[in-house]
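A short worksheet on the structure shown next.
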Amino acid sequence: MPNLTSWYRSAARDLPWRRREFHDGFGAWGVLVSEFMLQQTPATRVIPHLDAWLTRWPTPAAMAEATTAEVVQQWANLGYPRRALWLHRAAIEVVERHGGVVPRDVDALLALSGIGDYTARAVAVFSYGDRYPVVDTNTRRVLARAVEGRAHPAPPSRRDLALMDALLPDDDVEAALFNAATMELGATICTARAPRCEVCPIAEQCAWLAAGRPDTGDARRRQAAYEGSDRQARGTVLRLLRDAAPDAVPLAAVIPEWPDARQRDRAIDSLIADGLAETDGEGLTLPR
DNA sequence: TATGCGTGGGG
DNA sequence: TCCCCAAGCAT
């Protein structure tokens, strides 16, 4: 798909982590932080937080010195606050195992907390310029459609990596561009809900379009309802702790109005178990 | 392999 | 309005 990278060169969004100054200023640490934030959070929501984060903690060593409470509070409303915990742990591991330098080796990256197949290769490729397949949800959707002729990708698997690897150009720089271009196409043109095939640069090579876009409206596994869920309870408790920090909230004042007291207590217990909260028996706080 | 894990914007 | 889903990861 040779027209994909040429399309990317002209159509790519101007995102902070794609700018030269960003890489010059924050290096692989900046890429790592941005990738953590981008895990399941839209780019437009990440942008306002990224600069503040990196200004406060410009290196892994700086962040390793922070408390969990500070990190969770700075994470604010980005969602999935366990990511803040994992990023903090990863910073500490980078200091302890790698002298404060984000590793280049994919296996070393994979061994860091909160880093999986996507993030490890994203850092290796987008920061260090090495040649690996970078496969995220956008890439998997583009491959499912363009190559396999299906509206939706199968669940993530190692096969995605092999498929993308086979499509990657030999040259490191071109391969990195191809990775980024595929993700960008999925994010902006080949979207999940309303793909804009009319302006797609690889429409002529797309198996799904050639087949008449079968199964366009098929819904996949439904996300569990959020209203009334344990996750909502956890989110509400944690917001309370963030707003109160560094002060503790008396246990009796932790969302006493919550309709399901057992669910509330379950949320508190699970936050403590995750390391996102702690208690002395009287109050609840973000961990010190 | 399937599930749990936040939060908010857009169709 | 409601619902889909978003640069995933750990278990």
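Quick note on labels: first sequence line is chain A, next is B, and so on, each numbered from 1.
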Base, sugar-phosphate alone, or nothing: which one does A/Asp274 contact when heavy atoms must sit under 4.0 Å apart? nothing
Most 5' of A/Leu110 and A/Trp17 on DNA chain C, judged by nearest nucleotide: A/Trp17
CD (A/Glu65) with more than 12 external heavy atoms under 6.0 Å: no
Measure from NE2 on A/His152 to C1' on C/dC4 and round the result to the nearest Å. 11 Å
Describe the nucleic acid contact of A/Pro156 in one word from base, sugar-phosphate, nothing, applying a heavy-atom distance below 4.0 Å. nothing
Starting from C1' on C/dC5, measure out to CZ on A/Arg231 and report it in whole angstrom. 12 Å
Nearest-nucleotide check on DNA chain C, A/Gly186 vs A/Arg193; residue mapping nearer the 5' end is A/Arg193
Counting any heavy atom closer than 4.0 Å, what does A/Leu238 reach on the DNA or RNA strands: base, sugar-phosphate only, or nothing? nothing
What residues form a ring-ring contact (aromatic ring centres under 6.0 Å, His included) with A/Trp57, not counting sequence neighbours? A/Trp53
Considering only the P atoms, how many Å lie between C/dC9 and B/dG8, rounded to the nearest integer? 23 Å
Reckon A/Thr119 touches a base, only the sugar-phosphate, or nothing at all at heavy-atom distances under 4.0 Å? sugar-phosphate
Nucleotide range of DNA chain B contacted by chain A, 5' to 3', under 4.0 Å to a heavy atom? B/dT3 to B/dG10
What's A/Arg234 touching, base or sugar-phosphate or nothing? Going by heavy atoms closer than 4.0 Å. sugar-phosphate
In whole angstroms, the gap separating C1' of C/dG8 from CG of A/Leu87 amounts to 14 Å
When all nucleic acid strands are considered with a 4.0 Å heavy-atom cut-off, which category describes A/Arg239: base, sugar-phosphate, or nothing? sugar-phosphate
Those residues at least two apart in sequence (or on a different chain) that pass salt bridge (charged side-chain N to carboxylate O under 4.0 Å, His left out) with A/Arg193 are none
Assert: residue with more 5' nearest nucleotide on DNA chain B, out of A/Ser157 and A/Gln232, is A/Ser157
Between P on C/dA6 and CG on A/Asp136, what's the gap in Å once rounded to a whole number? 10 Å
Under the 4.5 Å side-chain heavy-atom rule for ILVMFWY, direct or indirect, which residues accompany A/Leu241? A/Val72, A/Leu85, A/Val237, A/Leu238, A/Leu240, A/Val249, A/Leu251, A/Val254, A/Ile255, A/Trp258, A/Ile268, A/Leu271, A/Ile272, A/Leu276, A/Leu284, A/Leu286
Whole-Å P distance, C/dA7 and B/dG4: 23 Å
Would you state whether a donor and an acceptor, one from the side chain of A/Gln39 and one from the base of C/dC9, lie under 3.5 Å apart? no
Under 6.0 Å from the CD atom of A/Glu204, do we count more than 12 heavy atoms belonging to anything else shown? no
Can you tell me the distance, in whole Å, between the CD atom of A/Glu227 and the C1' atom of C/dC3? 13 Å
Without decimals, in angstroms, what is the distance between A/Glu184 CD and C/dA6 P? 14 Å
Which pairs, with at least one residue in residues 164-174 of chain A and sequence neighbours excluded, count as a side chain to side chain donor-acceptor pair (under 3.5 Å)? A/Arg9-A/Glu174
How would you list all residue pairs meeting ring-ring contact (aromatic ring centres under 6.0 Å, His included) that involve residues 112-134 of chain A, not counting sequence neighbours? none
Under 4.0 angstrom, heavy atoms only, what part of the nucleic acid is A/Arg159 near: base, sugar-phosphate, or nothing? nothing
When all nucleic acid strands are considered with a 4.0 Å heavy-atom cut-off, which category describes A/Tyr226: base, sugar-phosphate, or nothing? base
Working to the nearest 0.5 angstrom, can you tell me the gap between A/Arg45 CZ and A/Met37 CE? 11.5 Å
If I take atom CG in residue A/Asn138 and atom C1' in nucleotide C/dG8, what distance separates them, rounded to the nearest angstrom? 12 Å
Spacing of A/Arg141 atom CZ relative to C/dG8 atom C1', expressed in whole Å: 14 Å
